[in-house]
Amino acid sequence: MYCKIIIWFISIIFCGSVIVAQEIQWADHVDFQHNNYGTQNWSGKQALGKPDALPYGTTSPKAFRLNSYATFGTLIVSFDRPQKVRQVIILESFGPGRITDIYLYDEKGKKFQVFKTNAKTLKRDYQTFCLRLQRTHYNVKKVELSINTSLQKGWCQIDAMGIADYDNQQLLREDLSKMGLTNYVEENSFTSKKEDLGFHINSSYSEIKPIISPDGKTLYFCRQNYPGNMNGKFDDQDIYYARWEYDEWSLAKNIGPPLNNQHPNGVSAVSADGNKVLLINRYQRGESGMDLNGVSIATRTRTGWSFPKQVHIKGYHNESKYADFYLSGNGKVLLMAIEQNDSYGDQDIYVSFLEDMNIWSQPVNIGSMINTGKAEFSPFLAADDKTLYFASEGHGGYGGSDIYYTQRTDDTWKNWTKPQNLGNQVNSKGWDAYYSIPASGDYAYFVHGKGTPKNPMNIYRIALPQELRPEPVILVKGKVYDVKNSKPVEATFYLEKDNLVEKTPIANTNPHNGAYSLIMPFDSNHSFKVKAEGFQTQFVKVDIAADNIYQEIEKDIFMERVVYNPVVKLNTIYFEEGKSVILPQSNDDLQEVVDLMVESPDYLIEISGHTDNRGSLHLKHQLSQARAAMIKDTLINAGIDPKRITTVAFGGTQPVANNEFESSRKFNRRVEVKIIR
């Protein structure tokens, strides 16, 4: 009976918490008010509880207002039940638009600014203002408003202030509608204003397609019909780049050939290591120089960028004269904004997956949650591989095109959360698109303007609050050196996940200085493999802080050269007991030998089988011989020339550990690979 009562009590607590999370909690206490109109009517007390200053859109003593229609003031209210918050709801029952700052307080009194803007006069008489946040990591106890009517004069009234934790914004709208609250307006949590990047980046001509490198140190963008383009003003657009140095952007430079030519050029994505760029159009050698229907990839070399290599996408075609692309950080997912037969109208966003080296699957439309009857374009996938930013002319908004964000909910790439407008701190009555953020998520870069001579498109950035950043990742960076002489080494990196090494490389070192950077998700086991021709492969473990926040980790790697006649002990090659059948957990070590032979085609190896000394010497010799032969057959099946492999069996005649105890005897049951030339 006692256990049943406890279970019933816990169930009540659990259900109660769910109910709280899916309802609006209205303020119930005034903590502070400044420049309030009175102590009763129009005081802070009138902003407590549910909305009641009817009819909305008229002055009412049942709402809070300042003591003058041309002043500024503050109102702080608290809540009976501190809770996690995704929404702050404010009913501006008259004269809306004059709230300039919103702060949240946790239970210990720590203050967080979540919204900042300029006061404005709106055409509507009232509004139900909802500030969207990513769910707070703290319980919200208080909300503070700053109200300014000094420049935008008028009686601004606040009828009610609430907090909520709805995971479905549509459900919140429906609940507010049931309460008779219309004129619903959503804004994202921004505390800073967008800033023009200045004359080092922007010119009197249009700048578009900003792409920030994952480390936030290099900005690529395009200039349209600029005199400094390869073909001067008659060149539609060239690629330019600038570096973040001494706390400012350097003067932008034309990236030059082979990435720029007389045709339209543009960078669509930068790899995590900064050594690959995805480029619009398909580059061709010769006089034509370009096929405007497709996409290419260029790689950094010792002498500069390689000539771009065409990317092959099965069944690719585009019925629009425009196209945008984006390559995910792991190099396995290609997003594109094109028009095909199954498009909903104009450009839609599609996804394609890497099938083999430079071969991609047929594009798949990512669905009607994102795509509309008008253009969706400029897709950008954050480093978390879940958060997608894009521009749209079909989701409503403030101007010709607005920037939205959504999150992938499964691995089909067809199911997404409802796109959210980034709000009027980013979007405007003009044309806004091409949103790009580094792995840290600290700043967003985007294009704003009308594209006219008097109002060209320029590049802006805005600082992102924690609530609007994508899920955190780990950026690991450093240099790879030869341990003997400290010279830089050209190396390739592979992510280890779930104790298996992925086949697709995640990074390469810079061929000039051995520098590398790579992105690791928090759900991996934080280790990776480093391979370099002529060097021993290394497995590197990364120690991360416990907090689930973005981290940058510096880690230099020192590689040892492979020398002739080394013995590579394969202690993790497992066989069925007393048999020569290889167990599946041996695959990684065997792959290491295959990789070594492929990378060094001149190597000859000797495989030797060893056992412990228990049992028949003859049988032990046969078993060690059979196991060595099995490994040889495995390598041959992987494509290694059998002439490069010899086998030898030693049975139990060459122990490396004490045979008296099982704890040490197991080390004698081994297979060794010796490089003999």
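With sequence neighbours excluded, the residues satisfying salt bridge (charged side-chain N to carboxylate O under 4.0 Å, His left out) with Glu471 are Lys386. For Asn365, the side-chain contact (heavy atoms from CB on, under 4.5 Å) partners at least two apart in sequence or on another chain are Asp342, Tyr344, Asp348, Tyr350, Asn371. For Ser213, the side chain to side chain donor-acceptor pair (under 3.5 Å) partners two or more places apart in sequence, or in a different chain, are Asp215. Shown here are the ring-ring contact (aromatic ring centres under 6.0 Å, His included) partners of Tyr326, two or more places apart in sequence or in another chain: Phe380. Ser177 is linked by a side-chain contact (heavy atoms from CB on, under 4.5 Å) to nothing, counting only residues two or more places apart in sequence or in another chain. With sequence neighbours excluded, the residues satisfying side chain to side chain donor-acceptor pair (under 3.5 Å) with Asp324 are Lys209, Tyr434. Scanning for side-chain contact (heavy atoms from CB on, under 4.5 Å) contacts around Lys309 gives Asn358, with sequence neighbours left out. Every side-chain contact (heavy atoms from CB on, under 4.5 Å) that Ala382 has, sequence neighbours left out, goes to Asp384, Thr387, Tyr389, Ile437, Pro470.
With hydrogens and angles disregarded, a donor-acceptor distance shorter than 3.5 Å links the side chain of Asn265 to the backbone of Asn261. No side-chain donor-acceptor contact under 3.5 Å links Asn424 to the backbone of Asn427. With Ser206 contributing its side chain and Gln224 its backbone, the two residues share no donor-acceptor pair below 3.5 Å. No donor-acceptor distance shorter than 3.5 angstrom exists from the side chain of Thr136 to the backbone of Arg86, with no hydrogens or angles considered. At distances below 3.5 Å, at least one donor-acceptor pair connects side-chain atoms of Ser436 with backbone N or O atoms of Ile212. For the pair Thr409 (side chain) and Asn415 (backbone), a donor-acceptor distance under 3.5 Å is present. Formation of a donor-acceptor pair under 3.5 Å by the Thr417 side chain with backbone atoms of Thr406 is not found in this model.
The ring pair (Phe, Tyr, Trp, His ring centres under 6.0 Å) contacts involving residues 199-224 comprise Tyr205-Tyr226, where partners must be two or more places apart or lie in separate chains. For residues 189-205, the pairs satisfying salt bridge (charged side-chain N to carboxylate O under 4.0 Å, His left out) are Glu195-Arg461, with sequence neighbours left out.
Between Arg135 and Asp165 there is a salt bridge, with a side-chain nitrogen of the basic residue lying less than 4.0 Å from a carboxylate oxygen of the acidic one. We find that Lys116 and Asp101 are joined by a salt bridge, their nearest charged nitrogen and carboxylate oxygen being less than 4.0 Å apart.
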For a quick test of your reading: what N or O donor-acceptor pairs under 3.5 Å do the side chains of residues 332-341 make, sequence neighbours left out?
{"unit_1": "Lys332", "atom_1": "NZ", "unit_2": "Glu502", "atom_2": "OE1", "d": "3.2"}
{"unit_1": "Gln340", "atom_1": "NE2", "unit_2": "His317", "atom_2": "O", "d": "2.8"}

Sequence neighbours excluded and cut-off under 3.5 Å, please list the side-chain donor-acceptor pairs for residues 227-235, or say none.
{"unit_1": "Asn229", "atom_1": "OD1", "unit_2": "Tyr240", "atom_2": "OH", "d": "2.9"}
{"unit_1": "Asn229", "atom_1": "ND2", "unit_2": "Arg223", "atom_2": "O", "d": "3.2"}
{"unit_1": "Asn229", "atom_1": "ND2", "unit_2": "Asp235", "atom_2": "O", "d": "3.2"}
{"unit_1": "Asp235", "atom_1": "OD1", "unit_2": "Gln237", "atom_2": "N", "d": "3.4"}
{"unit_1": "Asp235", "atom_1": "OD2", "unit_2": "Asn231", "atom_2": "N", "d": "3.2"}

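A distance of 10.5 Å separates CG of Leu145 from CZ of Phe115, quoted to the nearest 0.5 Å. In this structure, the separation between CG on Leu197 and CG on Leu219 is 6.5 Å, given to the nearest 0.5 Å. With rounding to the nearest 0.5 Å, the separation of NE2 in His263 from CG in Leu292 is 7.0 Å. Here the CG-CD1 distance, from Leu518 to Ile506, works out to 4.5 Å after rounding to the nearest 0.5 Å. Atom CD1 of Ile211 is separated from atom SG of Cys222 by 9.0 Å, given to the nearest 0.5 angstrom. Annotation: the span from Leu388 atom CG to Ile370 atom CD1 amounts to 5.0 Å, rounded to 0.5 Å.
Within 6.0 Å of the CZ atom in Phe353, the count of heavy atoms belonging to other residues, nucleotides or ligands exceeds 12. With a 6.0 Å radius and a threshold of 12 heavy atoms from other residues, nucleotides or ligands, Lys374 has its NZ atom at or below the threshold.
Side-chain N/O atoms of Arg98 and Gln152 include no donor and acceptor closer than 3.5 Å. Side chains of Asn293 and Asn318: a donor-acceptor N/O pair is absent below 3.5 angstrom, by distance only. Side chains of Ser401 and Glu393: no donor on one and acceptor on the other come within 3.5 Å. Using modelled atom types and a 3.5 Å distance limit, the side chains of Gln169 and Glu186 yield a donor-acceptor pair. Remark: the Glu207 side chain and the Ser203 side chain contain an N/O donor-acceptor pair separated by less than 3.5 Å. Side-chain polar atoms of His448 and Ser428 form a donor-acceptor pair below 3.5 angstrom. Side-chain contact annotation: Glu376 with Gln347, donor-acceptor N/O pair under 3.5 Å absent. Residues Gln425 and Glu187 have side chains that never bring a donor and an acceptor to within less than 3.5 angstrom of each other. Using modelled atom types, one finds a donor on one side chain and an acceptor on the other under 3.5 Å when comparing Gln420 with Arg132. Using modelled atom types, one finds no donor on one side chain facing an acceptor on the other under 3.5 Å when comparing Gln113 with Thr191. Between the side chains of Asn183 and Tyr56, no donor N or O sits under 3.5 Å from an acceptor N or O.
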> Does the side-chain contact (heavy atoms from CB on, under 4.5 Å) test come out yes or no for Trp305 and Thr299, once each step is laid out?
Replying inline: CA-CA 6 Å; Trp305 290 103; Thr299 303; 5.7 Å; no
> Can Gln25 and Gln83 be said to form a side-chain contact (heavy atoms from CB on, under 4.5 Å), step by step?
Replying inline: CA-CA 9 Å; Gln25 184 183 178; Gln83 66 171 84; 2.7 Å; yes
> Would Ile90 and Asp159 count as a side-chain contact (heavy atoms from CB on, under 4.5 Å) if you check the C-alpha gap in whole Å, the side-chain angles of each, and the deciding distance to 0.1 Å?
Replying inline: CA-CA 8 Å; Ile90 303 167; Asp159 182 27; over 6 Å; no
>> Let's go through Cys130 and Tyr184 carefully: what are the C-alpha distance in whole Å and the side-chain angles of both, what is the deciding distance for side-chain contact (heavy atoms from CB on, under 4.5 Å) to 0.1 Å, and is it a yes or a no?
In response: CA-CA 7 Å; Cys130 178; Tyr184 185 80; 3.5 Å; yes
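Note: Phe325 and Tyr316 have tilted aromatic rings, judged against thresholds of 30 and 60 degrees for the angle between ring planes. The aromatic rings of Trp413 and Trp416 stand perpendicular to each other, their planes meeting at an angle above 60°, with 30° marking the opposite boundary.
Minimum heavy-atom separation, Ser320 to Asp346: OG-OD1, 4.4 Å. Between Pro308 and Leu259, the closest heavy-atom pair is CG-CD2, 3.8 Å. Here the shortest heavy-atom pairing between Asp402 and Gly397 reads OD2-CA, 3.1 Å.
Contact annotation: the side chain of Gln87 never approaches that of Ile24 to less than 4.5 Å [non-hydrogen atoms, C-beta and beyond]. Considering only heavy atoms from C-beta on, Ile89 comes within 4.5 Å of Leu176 through its side chain.
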